[in-house]
Asker: 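One structure follows; several queries about it will come next.
Chain letters run A, B, ... following the sequence lines, proteins first, then strands; residues in each count from 1.
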Amino acid sequence: MAQKPTIPKGTRDFLPIEVAKRNYIFDTIKTTFQKYGFAPIETPSFELSSTLMGKYGEEGDRLIFRILNSGEKVKKADLKALEENNLPRFANSLSEKALRYDLTVPFARFVVQHQNDLSFPFKRYQIQPVWRADRPQHGRYQEFYQCDADVVGSESLLYEVDFIQLFDEVLSELKIPDFTIYINNRKILSGIAEVTGEQSNLIPITVAIDKLDKIGKDGVINELKEKGISVSAIERIQPLFDLSGDAMEKLEKMRDFLSESEIGLQGISELQKVLGDSHRLGLKNAKLEFDVTLARGLNYYTGAIFEVKVNGVKMGSICGGGRYDDLTGLFGLKDMPGVGISFGADRIYDVLTTLDLFPKQLENDLTVLFANFGEEEESFCLPLLKKLREANISSEIYPSAAKMKKQFKYADDRRAAFVIIIGASEMENQKVTVKEMKTGEQTSVAISELISFISLH
RNA sequence: GUGGCAGUAGCUCAGUAGGUAAGAGCGUCUGGUUGUGACCCAGAAGGUCGGGGGUUCAAUUCCCCUCUGUCACCCCA
């Protein structure tokens with residue numbers, strides 16, 4: 001007995017209809033990226049381990065898929081390290097390559113490596129799968145796609161403004177009716193740490209307050225306490241949890257709060273510029289909000305931070321992004337600031353499914369099916385089939401003279417729009433019978449009129 | 001990586017206090033004769049009850065391990 005086939009943990013197969021829907025999302029994103037001047041690049045699915053290891057923190061290293069050395073290289077295994085129970089070192093001796101964990105670090109490597117071939121500011125987009133040895137959960141996989149756009153080599157805030165327009169355009173194009181772009185600035189968070197006398201605890205503070213909408217005010221306060229933040233600092237931070245007013249009003253309040261912090265005030269000014277331009281330009285469907293508790297886990301962000309959430313749908317953020325001053329420094333290229341965003345295609349897919357926003361058209365992968373009545377009819381159909389295809393109408397002929405019931409059921413399963421029936425009488429009259437599957441209506445159409453008849457429906 | 005819950009036909013699930021209890025709906029296939037799908041009727045196929053080990057005269061049902069999924073944490077898309 002054959003064993004039941006399965007795919008590895010955290011991976012997925014995609015049916016034709018699912019691929020069509022995913023491509024609809026990817027194509028929308030790509031088209032918009034290109035409209036905004038981003039060019040596509042690709043990088044290998046695996047990199048040297050040394051390129052990736054240590055770039056995502058200790059937790060990240062654990063989640064990187066390592067590729068086992070093969071052939072003679074297995075002899076490099078460091079058995080001594082194994083004896084000494086030095087597992088990381090042992091693992092390194094077994095593996096020199098690893099699967100891409102995200103698109104940003106490979107991009108940094110790419111920029112450094114090709115710096116002489118690129119002109120800056122360099123704008124690229126990249127839509128490729130990445131792999132993480134994470135424990136799968138609903139909506140979290142070991143293999144998934146990232147859709148990133150980044151620009152490196154400029155500190156200009158015009159790019160922040162651009163990215164907000166881009167978020168708005170892509171998601172509006174996908175017909176998402178109501179979503180909010182949240183924006184904050186790491187300099188404001190640094191300012192908060194500074195004026196509360198907790199500079200050294202910037203990371204724990206940002207990680208904690210980022211969880212506000214998930215664990216609530218008390219939860220955040222508890223976490224801050226656990227992380228050893230002083231009581232007086234926590235008291236100062238607390239009012240930030242319920243700032244009210246519109247974005248500009250909140251920024252003014254923050255300006256008071258941060259009046260002692262130079263870096264904090266700089267963050268305020270940057271945000272005012274970005275928000276001001278955005279309001280002047282206007283947005284289609286997006287709301288734009290300043291959220292001082294928005295932090296994002298990634299600690300390479302140094303300036304603006306973005307996150308996008310769909311309103312009225314119970315789901316985490318569908319897009320994110322931010323500015324980083326020094327991503328390429330790790331690979332030896334200094335003074336190369338960047339800013340980038342990422343679309344969460346899988347979550348967007350779920351949102352469009354939940355809200356029933358996928359175009360119905362995506363389900364029709366076949367426009368015309370010729371019914372097959374036998375050899376003579378078949379050869380009569382073939383030239384017609386070719387003509388339809390030349391007119392860009394996706395068509396096929398049933399491969400054998402099976403029962404009509406079976407052929408129609410096949411047409412139905414394929415969601416073919418039309419079935420063309422050609423038997424003895426049709427051949428004799430030089431007319432074909434066209435059945436519109438949706439309505440069941442049948443029409444006798446002259447062969448010369450066939451293409452225009454199909455095209456008009 | 002830590003902890004909780006789950007795993008029975010292609011899908012969604014019922015069931016057995018351990019012993020003729022392996023079932024339903026949907027789906028699939030065939031038929032309801034001549035060139036017609038979605039509705040209706042009839043029939044059929046399809047499961048070592050996730051995998052391995054243990055306890056027992058006997059395990060889908062109890063215990064252990066493992067795999068997969070799911071939830072929370074960690075982290076994150």
Asker: Should the heavy atoms of other residues, nucleotides or ligands under 6.0 Å from CZ of A/Phe358 be counted, would the total exceed 12?
Answerer: yes
Asker: Using atom C1' of each nucleotide, how far apart are B/rC29 and B/rG18 to the nearest Å?
Answerer: 37 Å
Asker: Can you tell me if A/Phe373 is stacked onto the base of B/rG35, using a 5.5 Å centroid cut-off and an angle below 30°?
Answerer: no
Asker: Among the candidates B/rG37, B/rU36, B/rC75, find the nucleotide nearest to the side-chain atoms of A/Leu63.
Answerer: B/rC75
Asker: May I ask you to establish whether A/Arg132 and A/Phe65 are in a cation-pi arrangement, using a distance under 6.0 Å from NZ or CZ to the six-membered ring centre and at most 45° from the ring axis?
Answerer: no
Asker: With no hydrogens and no angle check, do the side chains of A/Glu18 and A/Tyr349 hold a donor and an acceptor under 3.5 Å apart?
Answerer: no
Asker: Tell me whether the guanidinium CZ or amine NZ of A/Arg323 lies under 6.0 angstrom from the six-membered ring centre of A/Tyr301 and within 45° of its axis.
Answerer: no
Asker: Between A/Glu436 (CD) and B/rG37 (C1'), how many Å, whole number?
Answerer: 14 Å
Asker: Given A/Val432 and A/Ile447, is the side-chain contact (heavy atoms from CB on, under 4.5 Å) satisfied, shown in steps?
Answerer: CA-CA 6 Å; A/Val432 303; A/Ile447 286 176; 4.0 Å; yes
Asker: B/rC73 C1' sits how many Å from A/Glu226 CD, rounded?
Answerer: 12 Å
Asker: With a 6.0 Å cut-off on ring centres, are A/Tyr145 and A/Phe26 close enough?
Answerer: yes
Asker: Between B/rG37 atom C1' and A/Tyr398 atom OH, what is the distance in whole Å?
Answerer: 12 Å
Asker: Considering only the C1' atoms, how many Å lie between B/rU12 and B/rA6, rounded to the nearest integer?
Answerer: 15 Å
Asker: Rounded to whole angstrom units, what separation is found between the CE atom of A/Met404 and the P atom of B/rU33?
Answerer: 16 Å
Asker: Taking atom P in both B/rA24 and B/rU66, what distance in whole Å separates the two?
Answerer: 36 Å
Asker: Starting at CG of A/Asp210 and ending at P of B/rC73, how long is that distance when rounded to a whole Å?
Answerer: 13 Å
Asker: I'd like the P distance from B/rA17 over to B/rU61, given in whole Å.
Answerer: 13 Å
Asker: Could you say whether A/Lys405 or A/Ser425 is positioned toward the 5' end of RNA chain B, judged by the nucleotide with the nearest heavy atom to each?
Answerer: A/Lys405
Asker: Nearest nucleotide by nearest heavy atom, which residue falls closer to the 5' end of RNA chain B, A/Lys211 or A/Ser317?
Answerer: A/Lys211
Asker: Does B/rG46 have a Watson-Crick or wobble partner in any strand here, with both distances under 3.5 angstrom, and which is it?
Answerer: none
Asker: If I pick the C1' atom on B/rG3 and the same atom on B/rG10, what distance separates them, to the nearest angstrom?
Answerer: 34 Å
Asker: In whole angstrom, give the distance that lies between atom CD of A/Glu59 and atom C1' of B/rC76.
Answerer: 9 Å
Asker: Within the structure shown, what part of the strands sits under 4.0 Å from A/Lys409 by heavy-atom distance: base, sugar-phosphate, or nothing?
Answerer: sugar-phosphate
Asker: Between the protein and nucleotides 69-71 of chain B, list the N/O to N/O atom pairs that are separated by less than 3.5 angstrom.
Answerer:
residue	atom	partner	partner atom	Å
B/rG69	OP1	A/Gly10	N	2.8
B/rC71	OP2	A/His138	N	2.7

Asker: Would the base of B/rG35 count as contacting A/Glu426 through its side chain, where contact means a donor and an acceptor less than 3.5 Å apart?
Answerer: yes
Asker: For A/Trp131 and B/rA77, what is the distance between atoms CH2 and C1' respectively, to the nearest whole Å?
Answerer: 14 Å
Asker: I'd like to check A/Tyr182 versus A/Val308 (side-chain heavy atoms, cut-off strictly below 4.5 Å). Are they in contact?
Answerer: no
Asker: B/rC40 pairs with which nucleotide, Watson-Crick or G-U wobble, both distances below 3.5 Å?
Answerer: B/rG32
Asker: With both distances under 3.5 Å as the test, what is the Watson-Crick or G-U wobble partner of B/rA6?
Answerer: B/rU68
Asker: Just wondering, more than 12 heavy atoms not from A/Glu173 lying within 6.0 Å of its CD?
Answerer: no
Asker: Paired with B/rG23 by Watson-Crick or G-U wobble geometry, both distances under 3.5 Å: which nucleotide is it?
Answerer: B/rC13
Asker: Determine, stepwise, if the pair A/Tyr56 / A/Tyr300 fulfils ring pair (Phe, Tyr, Trp, His ring centres under 6.0 Å).
Answerer: CA-CA 9 Å; A/Tyr56 307 101; A/Tyr300 50 71; 8.2 Å; no
Asker: I'd like to know if A/Lys435 reaches the base of B/rG37 with its side chain such that a donor and an acceptor end up less than 3.5 angstrom apart.
Answerer: yes
Asker: Under 4.0 Å from OP1 or OP2 of B/rA38: is there any side-chain N or O of A/Lys438 that close?
Answerer: no
Asker: Ignoring backbone atoms, establish whether A/Lys406 has a side-chain N or O less than 4.0 Å from OP1 or OP2 of B/rU30.
Answerer: yes
Asker: Is the Lys NZ or Arg CZ of A/Lys123 less than 6.0 Å from the centre of A/Phe38's six-membered ring, within 45° of the axis?
Answerer: yes
Asker: NA contact type, A/Gly60, heavy-atom cut-off 4.0 Å: base, sugar-phosphate, or nothing?
Answerer: nothing
Asker: Using atom P in both nucleotides, what's the gap between B/rC76 and B/rC67 to the nearest angstrom?
Answerer: 25 Å
Asker: How close or far is atom C1' of B/rC75 from atom CD of A/Gln142, stated in whole angstroms?
Answerer: 14 Å
Asker: Taking the same atom, C1', in B/rU48 and in B/rU8, what whole-Å distance lies between them?
Answerer: 13 Å
Asker: What is the pairing partner of B/rC62, taking Watson-Crick or G-U wobble pairs with both distances under 3.5 Å in any strand?
Answerer: B/rG54
Asker: Within the structure shown, what part of the strands sits under 4.0 Å from A/Arg62 by heavy-atom distance: base, sugar-phosphate, or nothing?
Answerer: base
Asker: Taking the same atom, C1', in B/rA21 and in B/rU60, what whole-Å distance lies between them?
Answerer: 11 Å
